[in-house]
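For this chain, numbers begin at 1 and follow the sequence in order.
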Amino acid sequence: METYGVEKIGLLHPKAVYRNLTVAELTEAALRRGEGSLSNTGALVVTTGKYTGRSPDDKFIVDTEGVHNDIAWGKVNRPISREKFDAIWGKALAYMQGREVFIFDGYAGADKKYTRKFRIINELASQNLFIHQLLIRPTAEELTSYGEADFTMLVAPGFKCDPEADGVHSEAAIIIDYEAHKILIAGSQYAGEIKKSVFSTMNYVMTKQNVLPMHCSANMDPVTHETAVFFGLSGTGKTTLSADASRKLIGDDEHGWSPDGVFNFEGGCYAKCINLKAENEPEIYNAIRFGSLVENVVMDPVTRELDFDDGSLTENTRVGYPVDYISNSQIPGEGGIPKVVIFLTADAFGVLPPISRLSKNAAMYHFVTGFTSKLAGTERGVTEPQPTFSTLFGEPFMPMDPSVYAEMLGEKLEKYGTKVYLVNTGWAGGSAAMGAKRMKLSYTRAMVAAALNGSFDNVEFKHHDVFNVDYPTSCPNVPDEMLDARGLWADKAAYDAQANKLAAMFAENFAKKYPNMPREIAEAGPKAK
């Protein structure tokens, strides 16, 4: 029996080993093994059991001499000893003995100067299908000369850790050993852990090659190749605004910014499905077909139709599919040096300008801050918006100190003259708690278009004293009054109070999390009066 070298990591006596099976073969294997069912569109539908999202408390980094000083240790990046990791790794390998093994040898990084080879070893055929579609797939010729992988990931959701014996927090464990180039995912069937472990790995190794890793989407003009990147947390419109039919989609989630331009780390997309509708997001809707993996979406057992409005299993329903399922995707996923960077936020306080221009220092401030906001849960009896700050718009996946990434961004903005805009896709004329409405998507699209096509270059800007940013006084296809956040509030004193309240939250968060940031960056942030 061909083992494709799995014995080199200590995986002995497997029942069978399959390497880089086709989509059809993996789908057949998943159905044969009872891992899922087909929808009426041909997508493979699975449920992931207890874990329907990432489990941040179960994520660890092996603390070794070679990486210790590079890692920002804390609640996000938890250390585990090499001895404990090796012991868990050995137990997971023992668990895999006598089982079918599914291998995907693929790539992360569309720019071949920076490509890393990842070998993903799966217990489940359905998860192997997922990562086959999410990473960059080698050609038949590339596969014959693939050689040794740069990183090997073992994914065994059926293996449950013993928290007391193994020194982890639960039955699940997601552990990266940067020095040994090994990754283990145990106890969780949520496929996003695989994708994000690759991302967390790239976010460390790319910095060593002067590549800024970014949790962002990216698109470009099909003719001029003028490129833009979009940062934003969940619910801010990152996927929606970057999916512009007039531009080529480079990627929707994970990219690197090298001296040559932007490149996608991935070869696929992992989109949310909750409340998905064909008229709102046709590209995602139409991507749910044969070859896609759908997680935790309720399906009618008779008609096999998916109910995207049903969040009974989880609100975090997902679909994974190759990026070329999107009609305007850019293959390979490479673009030029970004002309424009867009930071997206959905301000439920209703006080940030709809669009504002950021200086280099302000861009570094908002990059490390990663702000958006949401309504508090009614079960807690809180009726006002809650701020959310996620460092670098992707805190769970950034292993190094935020200053490392911020300095890289600042250097690139200065070197290339890239413009940065903060776009508020949230509420206007009042807070969400007051019953105000979100900014019209058509207006936001027009503002983004103006930022990309240079329409703001010859427009008058005003300074917002509280948020310490400059906002335009006019924008094509947007009424002038919509650009003045304060002017949209009937009660100006209420606006001032809410704006100062949010500015104070910014300042408190920054002082607490980034006490060692340079003074000029701290001073570029909001200033409560």
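- Between Lys339 and Asp221, no side-chain nitrogen of the basic residue sits less than 4.0 Å from a carboxylate oxygen of the acidic one, so the salt-bridge criterion is not met.
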Item to check | Phe506 and His366: CA distance, side-chain angles, deciding distance, ring-ring contact (aromatic ring centres under 6.0 Å, His included) verdict | outcome: CA-CA 10 Å; Phe506 267 96; His366 285 278; 5.8 Å; yes

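- Between Tyr443 and Pro354 there is no side-chain heavy-atom pair separated by less than 4.5 Å.
- Between Glu295 and Leu313, the closest side-chain pair of non-hydrogen atoms is not below 4.5 Å.
- A 4.5 Å side-chain heavy-atom check between Met447 and Val478 finds at least one atom pair inside the cut-off.
- With ring centers used as reference points, His215 lies 6.0 Å or more from Phe265.
- Of the residues listed (Val76, Leu233, Asn77), the one engaging Glu395 in a side chain to side chain contact (heavy atoms under 4.5 Å, CB included) is Val76, and it is the only one.
- Thr41 and Ile288 get closest at one heavy-atom pair: OG1-O, 2.7 Å.
- Residues Pro222 and Ser246 share a closest heavy-atom pair of CD-O, 3.4 Å.
- Taken from OG in Ser329 to CG in Asn264, the straight-line distance is 10.0 Å, to the nearest 0.5 Å.
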Item to check | CA sep, side-chain torsions, deciding dist, call: Ser327, Glu283, side-chain hydrogen bond (donor to acceptor under 3.5 Å, both in side chains) | outcome: CA-CA 7 Å; Ser327 59; Glu283 294 280 14; 2.7 Å; yes

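- Counting only distance, with no hydrogens or angles, the side chain of Tyr405 and the backbone of Leu212 share no donor-acceptor pair below 3.5 Å.
- Contact between Ser292 and Val319 at its shortest, heavy atoms only, is CB-CG2, 3.9 Å.
- Taken from CD1 in Ile342 to CD1 in Ile355, the straight-line distance is 5.5 Å, to the nearest 0.5 Å.
- Counting heavy atoms from C-beta on, the side chains of Val323 and Glu266 never come closer than 4.5 Å.
- Figure legend: cation-pi geometry between Arg357 and Phe456 absent, as NZ or CZ is not positioned both under 6.0 Å from the six-membered ring centre and within 45° of its axis.
- The heavy-atom pair separating Ala450 from Pro476 by the smallest distance is CB-CD, 4.3 Å.
- No more than 12 heavy atoms of other residues, nucleotides or ligands sit less than 6.0 Å from atom NZ of Lys419.
- One finds the CH2 atom of Trp73 at 13.0 Å from the CG atom of Asp401 (value rounded to the nearest 0.5 Å).
- If you check the side chains of Tyr270 and Glu254, you find no donor sitting under 3.5 Å from an acceptor.
- Here Lys412 contributes atom NZ and Ile337 contributes atom CD1; the two are 7.0 Å apart, rounded to the nearest 0.5 Å.
- In terms of modelled atom types and a separation under 3.5 Å, the side chain of Thr115 and the main chain of Tyr107 share no donor-acceptor contact.
- The shortest non-hydrogen separation linking Leu452 to Ala228 is CD2-CB, 3.4 Å.
- The only option from Asp253, Thr201, Asn203 that meets the side chain to side chain donor-acceptor pair (under 3.5 Å) definition with Lys196 turns out to be Asp253.
- Summarising the geometry of Ala218 relative to Val262, their closest heavy-atom pair is CB-CG1, 4.1 Å, with the distance given to 0.1 Å.
- For the pair Thr227 and Ile250, the minimum side-chain heavy-atom distance is below 4.5 Å.
- Other residues, nucleotides and ligands contribute more than 12 heavy atoms inside 6.0 Å of the CG atom of Asp491.
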Next on the checklist: Does Met206 form a side chain to side chain contact (heavy atoms under 4.5 Å, CB included) with Arg116? I'd like the steps, not just the answer.
Outcome noted: CA-CA 10 Å; Met206 286 293 98; Arg116 290 294 187 276; 3.8 Å; yes

Checklist entry - Given the rule in the salt bridge (Lys or Arg N to Asp or Glu O under 4.0 Å) test, do Arg78 and Asp57 qualify, once you have shown the distances and angles that lead to the verdict? => result CA-CA 9 Å; Arg78 296 175 173 84; Asp57 290 343; 3.1 Å; yes

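- In this structure a side-chain-to-backbone donor-acceptor pair under 3.5 Å is present from His255 to Cys216.
- Enclosure of atom CD in Glu481 by more than 12 non-hydrogen atoms of other residues, nucleotides or ligands within 6.0 angstrom is indicated.
- Atom CZ of Phe461 has more than 12 neighbouring heavy atoms from other residues, nucleotides or ligands inside a 6.0 Å radius.
- Residue Lys492 qualifies as enclosed at atom NZ: its count of foreign heavy atoms under 6.0 Å is above 12.
- Salt bridge Glu193/Lys59: absent, no basic N to carboxylate O contact under 4.0 Å.
- Judged by distance alone, the side chain of Trp489 and the main-chain N or O of Gly350 form a donor-acceptor pair under 3.5 Å.
- With hydrogens and angles left out, the side-chain atoms of Thr48 and Asn296 include a donor and acceptor closer than 3.5 Å.
- Side-chain atoms of Gln330 do not come within 3.5 Å of backbone N or O of Asn219 as any donor-acceptor pair.
- For Arg54 (side chain) and Gly192 (main-chain N/O), no donor-acceptor pair under 3.5 Å exists by modelled atom type.
- Judged by the 6.0 Å distance and 45° axis criteria, Arg289 is positioned over the aromatic ring of Tyr325.
- Checked against a 6.0 Å centroid threshold, the rings of Phe367 and Phe231 count as neighbours.
- Remark: side-chain polar atoms of Arg137 are paired, donor with acceptor, to backbone N or O of His132 under 3.5 angstrom.
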Listed pairs under 3.5 Å, donor-acceptor, residues 521-529 side chains, sequence neighbours left out:
residue, atom, partner, partner atom, Å
Glu523, OE2, Arg519, NE, 2.8
Glu523, OE2, Arg519, NH2, 3.4
Lys527, NZ, Glu523, O, 2.9

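- The shortest side-chain heavy-atom distance between Asn509 and Tyr514 falls under the 4.5 Å cut-off.
- Between atom CZ of residue Phe349 and atom CD of residue Gln386 there is a gap of 7.0 Å, rounded to the nearest 0.5 Å.
- Within the 3.5 Å criterion, the main-chain N or O of Asn328 finds no donor-acceptor partner in the side chain of Arg247.
- Aromatic pair Phe371/Phe343: ring centres not closer than 6.0 Å.
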Item to check | Working for side chain to side chain contact (heavy atoms under 4.5 Å, CB included), residues Ser39 and Val294 | outcome: CA-CA 9 Å; Ser39 76; Val294 176; over 6 Å; no

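- Asn316 meets the side chain to side chain contact (heavy atoms under 4.5 Å, CB included) test with Tyr190, Lys272, Thr314, Arg318; sequence neighbours excluded.
- No donor-acceptor pair closer than 3.5 Å links the side chain of Ser217 to the backbone N or O of Thr239.
- Side-chain atoms of Leu241 and Arg445, non-hydrogen and from C-beta on, do get closer than 4.5 Å to each other.
- Under the 3.5 Å distance criterion, with hydrogens and angles disregarded, a donor-acceptor pair is assigned to the side chains of Asp310 and Ser312.
- Here Glu411 contributes atom CD and Asn210 contributes atom CG; the two are 7.5 Å apart, rounded to the nearest 0.5 Å.
- Counting heavy atoms from C-beta on, the side chains of Asp347 and Leu502 come closer than 4.5 Å.
- Between Lys277 and Asp309 there is a salt bridge, with a side-chain nitrogen of the basic residue lying less than 4.0 Å from a carboxylate oxygen of the acidic one.
- Although no hydrogens or angles enter the test, the distance criterion places no donor-acceptor pair under 3.5 Å between the side chain of Ser188 and the main chain of Ala172.
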